[in-house]
Amino acid sequence: MSDTSPLRRLHRVQELDLNLDRLRDEEGNISPELRDARAEQERLNNALEDTEITLEGVEKNIRRTELDLSSIREQVGRAREEQEKNAFDARAQSQYGSRIQMLSERADELEEDLAPLREQQQALQARAADLRGQHRALRPSLGALEEQDEARVQGLRDQGEADRQERAQLAGNLDARTIREYDMIRRAKKGLGVVEIKAGRCSGCNVNLPVNVQQKAAQGKLPPVKCPSCGRFLIRLDLA
């Protein structure tokens, strides 16, 4: 079987595919520095988001409490005006006085509620500002690491360009049906669609192959002979 036989070419396609697989796997191998920087960015983003959500809730409580306090103060003011206009006896004075006292006590309670809310607001605002500052400080180093990684990935893709071109040329000269079946087998069988016969065994699954299967595979003709166990295409590379 010559080096230009269809199965030899298909085996070469697989060699190129495996190398391209390796290069693609390497693309995902980012540096520990970049991985740590991305993790820190995500931590800061999550912490800032949580802080801003909590701050929004606190500020909502502050606005609601301030509105309630403003309403109570208005009620106190109106009650005092009504007291001056309408309280002509001791009983009326007492009734208005009780109402004013009740409203004033409620206003005092709301003032007391506002104090810790405003302290919490200030603390959260300071926390958010600090997190934004950390995020800004991280940005230049993260950007530089991302640029380095983009250059690394581009370098890997450049390395694979010659392989992609050679694969396209080889695949274009092979039977389309055989290529489609090879691709399906390769996806299903951990990247190996074509395997060598070694010492009478399939090197893909190590099953002992019948003699007639070995002899037929040795002819190197299409359609390729498949391993009866794993279904991969079989090839004899030890033949001239």
Side-chain angles (χ1 to χ4, degrees), residues 21 23-158 187-188 190:
D21 288 345
L23 292 173
R24 277 190 292 270
D25 289 342
E26 286 187 24
E27 287 185 23
N29 294 332
I30 64 173
S31 68
E33 293 80 10
L34 178 56
R35 186 179 296 108
D36 291 345
R38 285 177 176 174
E40 177 65 5
Q41 182 188 52
E42 183 176 4
R43 184 192 70 80
L44 291 172
N45 287 338
N46 291 338
L48 180 57
E49 182 180 5
D50 291 344
T51 300
E52 289 178 337
I53 290 172
T54 304
L55 177 59
E56 182 180 356
V58 170
E59 290 178 337
K60 184 177 180 180
N61 287 338
I62 289 174
R63 288 192 297 272
R64 183 172 58 246
T65 304
E66 287 177 339
L67 285 172
D68 290 344
L69 180 57
S70 177
S71 176
I72 294 293
R73 284 171 174 168
E74 289 177 1
Q75 293 178 52
V76 170
R78 286 196 300 270
R80 284 174 176 163
E81 290 177 359
E82 292 173 3
Q83 183 183 41
E84 292 178 1
K85 294 178 181 179
N86 303 323
F88 300 114
D89 55 38
R91 181 181 177 184
Q93 286 285 346
S94 176
Q95 289 177 340
Y96 278 110
S98 296
R99 176 166 174 73
I100 290 170
Q101 182 179 357
M102 181 186 68
L103 290 170
S104 297
E105 288 175 354
R106 178 56 183 155
D108 291 341
E109 290 175 359
L110 291 173
E111 286 281 11
E112 291 177 359
D113 291 342
L114 276 173
L117 287 173
R118 286 171 175 153
E119 289 179 2
Q120 188 179 7
Q121 179 190 36
Q122 292 177 356
L124 289 168
Q125 288 172 338
R127 166 83 171 148
D130 179 60
L131 289 168
R132 291 190 192 98
Q134 292 182 53
H135 196 283
R136 285 193 299 272
L138 176 65
R139 202 173 298 154
S141 58
L142 176 59
L145 289 169
E146 292 286 6
E147 288 181 3
Q148 292 173 13
D149 193 66
E150 288 175 7
R152 178 187 68 84
V153 169
Q154 187 58 52
L156 291 170
R157 291 175 180 173
D158 291 343
R187 284 194 296 270
K190 301 179 181 179

Side chains of Glu40 and Asp36 in contact at under 4.5 Å (non-hydrogen atoms): no
Carboxylate-amine/guanidinium proximity below 4.0 Å for Arg152 and Glu26: no
Distance, nearest 0.5 Å, that separates CG of Asn86 from CD of Gln95: 11.5 Å
Any Met102 side-chain heavy atom under 4.5 Å of Gln75 side chain: no
Student check: side-chain heavy atoms of Gln83 and Arg99 closer than 4.5 Å: no
Interatomic distance, Gln101 atom CD to Asp108 atom CG [nearest 0.5 angstrom]: 10.0 Å
Any side-chain donor near an acceptor of the partner, Gln134 and Asp130, under 3.5 Å: yes
Between CD1 on residue Ile100 and CD on residue Gln93, distance to nearest 0.5 Å: 8.5 Å
Test item: Asn46 and Glu42 side chains (from C-beta on) under 4.5 Å apart, heavy atoms: yes
Flag side-chain contact, heavy atom, 4.5 Å: Glu82 against Lys85: no
Salt-bridge present (Glu109, Arg106; N to O < 4.0 Å): yes
Any Arg64 side-chain heavy atom under 4.5 Å of Asn61 side chain: yes
Spacing of CZ belonging to Arg157 relative to CZ belonging to Arg24, to within rounding of 0.5 Å: 10.5 Å
Separation of Leu145 CG from Leu138 CG (nearest 0.5 Å): 9.0 Å
OG1-CG distance between Thr51 and Leu55, expressed to the nearest 0.5 angstrom: 8.5 Å
Pair Arg63 + Glu66, salt bridge at N-O below 4.0 Å: no
Sidechain-backbone polar pair: Ser98 side chain, Ser94 backbone, donor-acceptor under 3.5 Å: yes
Between Gln154 and Asp158: side-chain donor-acceptor atoms closer than 3.5 Å: yes
pair Gln120-Pro116: side-chain heavy atoms closer than 4.5 Å: no
